[in-house]
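Letters A, B, ... mirror the listed sequences (proteins, then strands); counts begin at 1.
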Amino acid sequence: MGTDQYQPLQGMSDLAAPDIDIWQALESKSRKLLDGYTVQEVRTPVLERTSVFTRSIGDTTDIVQKEMYTFEDRGGRSITLRPEGTAGVMRHVAGQGPEGSESRLYYMGPMFRAERPQAGRKRQFHQLGVEFLGCPSPAADAECIALQQHLAAEWGLENCRVRINTRGMPEDRTIVSRGLRDRLLSSVSDLCEDCRRRLETNPLRVLDCKHESCRGVVDGLPPITDLMSSEARDYYQDVLHILGRLDVEVEQTPKLVRGLDYYVHTVWEICHPALGAQDSISGGGRYLIPVGGREIEGVGFAVGLERVIAALKEQGKVEDLVEKHRGIWLISSGKAAFDENMVLMQTLRLRGMRCGMDLRNRSMKAQMRLANRQSASHVIIRGDHEMDNGTFILKDMSTGDQEELDMPALMERLHVVPLIDVGGR
RNA sequence: GUGGGUGUAGCUCAGCUGGUUAGAGCGCCAGGUUGUGGCCCUGGAGGCCGCGGGUUCAAGUCCCGUCACUCACCCCA
């Protein structure tokens with residue numbers, strides 16, 4: 001500790017033991033579940049041309065205006081570290097032609113935003129995101145939300161709340177914005193400075209402003225669904241109806257609008273009570289994103305994995321998620337036993353067993369302590385006596401029982417010890 | 001980008017209004033058991049007191065700067 005040279009950059013951190021077990025458990029549980037929903041993984045580059053993000057996220061958003069890590073590469077091209085996952089996926093599927101715009105994809109990995117770090121917000125953070133492309137049906141919106149909630153449950157998160165709203169049809173966007181502006185104009189003097197600006201750039205954002213006075217104005221407004229076409233309201237009702245049949249509980253939240261420009265129709269977020277000011281673990285919606293001269297339609301969401309882990313820790317759910325390691329620990333007394341144990345260890349590993357031994361020349365007591373710390377289920381002890389007789393002592397660490405066995409008997413016995421699970425937990 | 005709090009051992013922290021060899025718990029290592037873990041007992045190692053500058057006879061302690069962590073605003077996952 002102490003010197004800065006060993007610290008990562010501000011807002012970035014090393015993911016290592018013991019927390020890395022949580023990450024791996026989350027990842028493997030998620031992959032398995034996603035596969036069950038017939039969603040395929042896509043891994044796009046972390047670095048993209050800057051235009052990939054400015055085009056799809058929207059020039060007026062804070063992400064584009066002040067939070068992107070943008071550099072020039074050696075050829076003088078402007079490139080950006082991805083601040084979110086959707087834009088890269090859109091670039092990917094656009095390159096695939098019509099077939100790509102029917103995909104069901106997920107991504108998992110680091111995102112970068114140059115913000116001031118605080119609880120639940122890092123400069124490098126990790127998202128799991130899902131995109132259902134094409135399929136302009138309320139069923140897709142509902143399936144998406146159901147999947148998202150299933151994930152949360154699979155991870156062991158309790159007391160999640162889903163807030164949902166609609167932003168209306170694509171054609172409704174200007175009508176809603178204009179209608180909203182007209183209604184807000186009458187009480188413009190009560191709005192904060194930011195919201196007066198938003199009135200021109202993006203009136204929807206006024207709805208989720210946290211200023212006391214703005215909320216007063218907003219609370220008096222009728223829901224924005226009133227401004228929308230009947231198709232938009234029908235679509236929303238369909239989504240709610242299907243969610244009901246799928247047994248997914250949601251809270252209708254007329255003031256929820258979400259910050260990204262590309263959203264249309266359904267928008268939602270999931271928040272968790274154990275978190276601080278950033279209590280939203282996940283957000284999503286239906287979108288229409290311009291890519292290379294056309295628009296790709298889809299519905300999707302992104303989950304902030306750091307926030308999920310924070311919530312799980314807060315709930316004391318981490319132990320349930322992470323399995324203890326177990327396996328076999330080899331203990332030797334004397335050089336001959338040590339040499340032979342190296343060979344035995346390799347043999348066991350080739351058979352798929354998790355095992356290890358102390359490579360320093362330490363006392364048996366120290367080796368036993370290590371075995372205990374490794375949560376070994378069994379220990380194999382060899383010393384001069386065993387070397388002379390060609391035997392092994394097998395000790396069960398939970399009961400303390402031990403017996404002297406020859407090689408065939410030892411191998412027989414070890415079948416009960418769990419093998420390495422190559423497919424993850 | 002703005003504001004508050006914090007930086008002392010691997011970890012969590014104590015250190016009163018500046019005063020002599022900077023402490024505790026946990027962890028680690030070793031011994032108690034000359035071939036046996038968890039519990040217990042004993043001992044040991046481990047500190048540019050974040051970094052730089054200033055005030056002072058004297059700074060972990062006060063002042064300034066800086067870096068980082070943390071919390072909040074803005075916004076988002």
Colleague: At 4.0 Å (heavy atoms only), tell me whether A:E386 reaches a base, stays on the sugar-phosphate, or touches nothing.
Modeller: base
Colleague: Rounding to an integer number of angstrom, what distance separates B:G46 and B:A9 when you compare their C1' atoms?
Modeller: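 These two C1' atoms come out 6 Å apart once rounded.
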Colleague: Pick the P atom in B:U55 and in B:C16, then give their distance to the nearest Å.
Modeller: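 To the nearest whole Å, 24 Å.
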Colleague: Using a heavy-atom cut-off of under 4.0 Å over every strand shown, decide if A:I393 touches base, sugar-phosphate, or nothing.
Modeller: base
Colleague: Base, sugar-phosphate, or nothing: which does A:G284 touch, judged by heavy atoms less than 4.0 Å apart?
Modeller: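 Nothing, no heavy atom under 4.0 Å.
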Colleague: Apply side chain to side chain donor-acceptor pair (under 3.5 Å) to residues A:S398 and A:D396 and explain how you reach the verdict.
Modeller: CA-CA 6 Å; A:S398 53; A:D396 184 321; 2.7 Å; yes
Colleague: Only one of A:M342, A:E386, A:Q367 forms a side chain to side chain contact (heavy atoms under 4.5 Å, CB included) with A:S332, so which one is it?
Modeller: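 Single pass found, and it is A:Q367.
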Colleague: If you look at every strand shown and take non-hydrogen atoms under 4.0 Å, does A:G129 touch a base, only sugar-phosphate, or nothing?
Modeller: nothing
Colleague: Whether the A:T80 and A:E48 side chains hold a donor-acceptor pair (N or O, under 3.5 Å, no angle test) is what I'd like checked.
Modeller: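 No, A:E48 and A:T80 have no side-chain donor paired with an acceptor closer than 3.5 Å.
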Colleague: What's A:E306 touching, base or sugar-phosphate or nothing? Going by heavy atoms closer than 4.0 Å.
Modeller: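 It contacts nothing in the nucleic acid.
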Colleague: If you look at every heavy atom in A:R121 and A:R116, which pair is closest and at what distance?
Modeller: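 Closest heavy-atom pair between A:R121 and A:R116: CD-O, 3.5 Å.
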Colleague: Should the side chain of A:N372 and the base of B:G37 be counted as holding a donor-acceptor pair, with the cut-off at 3.5 Å?
Modeller: yes
Colleague: With no hydrogens and no angle check, do the side chains of A:W155 and A:S30 hold a donor and an acceptor under 3.5 Å apart?
Modeller: yes
Colleague: Base, sugar-phosphate alone, or nothing: which one does A:I381 contact when heavy atoms must sit under 4.0 Å apart?
Modeller: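 Base contact.
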Colleague: Do A:Q40 and A:R104 meet the criterion of a side-chain donor-acceptor pair at a distance under 3.5 Å?
Modeller: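 Checked: A:Q40/A:R104 side chains show no N/O donor-acceptor pair below 3.5 Å.
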Colleague: B:U70, B:U36, B:C73: which one has an atom nearest the side-chain heavy atoms of A:K122?
Modeller: B:U70
Colleague: Please determine whether any donor N or O and acceptor N or O are separated by less than 3.5 Å between the side chain of A:R382 and the base of B:G35.
Modeller: no
Colleague: If you look at every strand shown and take non-hydrogen atoms under 4.0 Å, does A:S333 touch a base, only sugar-phosphate, or nothing?
Modeller: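 Since no nucleic acid heavy atom lies under 4.0 Å of A:S333, the category is nothing.
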Colleague: I'd like the C1' distance from B:A68 over to B:A77, given in whole Å.
Modeller: 24 Å
Colleague: I'd like the C1' distance from B:G47 over to B:C28, given in whole Å.
Modeller: 16 Å
Colleague: Spell out yes or no: do the side chain of A:K395 and the base of B:U36 have one donor N/O and one acceptor N/O closer than 3.5 Å?
Modeller: yes
Colleague: Report yes or no: is there a donor-acceptor pair, N or O only, under 3.5 Å between the side chain of A:Q278 and the base of B:A72?
Modeller: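 Such a pair does not exist between side chain and base.
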Colleague: Among B:A72, B:G37, B:A77, which nucleotide sits nearest the side chain of A:R116?
Modeller: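 Nearest to the side-chain atoms of A:R116, counting from C-beta on, is B:A72.
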Colleague: Please measure how far the P atom in B:U8 lies from the corresponding atom in B:C48, and state the result in whole Å.
Modeller: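 Approximately 12 Å lies between the P atom of B:U8 and that of B:C48.
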Colleague: Go through B:U36, B:G35, B:C71 for me and flag the one nearest to the A:A119 side chain.
Modeller: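 The listed nucleotide nearest to A:A119's side chain is B:C71.
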Colleague: P atom, B:G43 versus B:C57: distance in rounded Å?
Modeller: 43 Å
Colleague: Hey, can you tell me if A:Y262 and A:Y287 have their rings parallel, tilted or perpendicular (30° and 60° cut-offs)?
Modeller: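 If you compare the ring of A:Y262 with that of A:Y287, the planes turn out perpendicular.
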Colleague: Classify A:H126 by what it touches in the nucleic acid, base, sugar-phosphate, or nothing, heavy-atom distance under 4.0 Å.
Modeller: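 Counting heavy atoms under 4.0 Å across all strands, no contact is made by A:H126.
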Colleague: So does A:Q402 reach the base of B:U36 with its side chain, donor to acceptor, closer than 3.5 Å?
Modeller: yes
Colleague: With rounding to the closest Å, how many angstrom separate the P atoms on B:U20 and B:C73?
Modeller: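 Straight-line distance between the two P atoms is 44 Å.
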Colleague: Counting only side-chain heavy atoms from C-beta out, which of B:G31, B:A77, B:C73 sits nearest to A:S363?
Modeller: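 Closest of the options to the side chain of A:S363: B:G31.
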Colleague: Can you give me the dot-bracket string for RNA chain B, 5' to 3', counting Watson-Crick and G-U wobble pairs with both distances under 3.5 Å, using [ ] for crossing pairs and | for partners on another strand?
Modeller: (((((((..((((.....[...)))).(((((.......))))).....(((((..]....))))))))))))....
Colleague: Taking the P atom in each of B:G54 and B:G60, what is the distance between them to the nearest angstrom?
Modeller: 15 Å
Colleague: Report which part of the nucleic acid A:G120 touches: base, sugar-phosphate, or nothing (heavy-atom distance under 4.0 Å, all strands).
Modeller: base
Colleague: Of the options B:U36, B:A30, B:A77, whose atoms approach the side-chain atoms of A:R121 most closely?
Modeller: B:A77
Colleague: Looking only at the side chain of A:R373 (C-beta and beyond, no hydrogens), which of the listed nucleotides B:C74, B:C73, B:C29 gets closest?
Modeller: B:C29
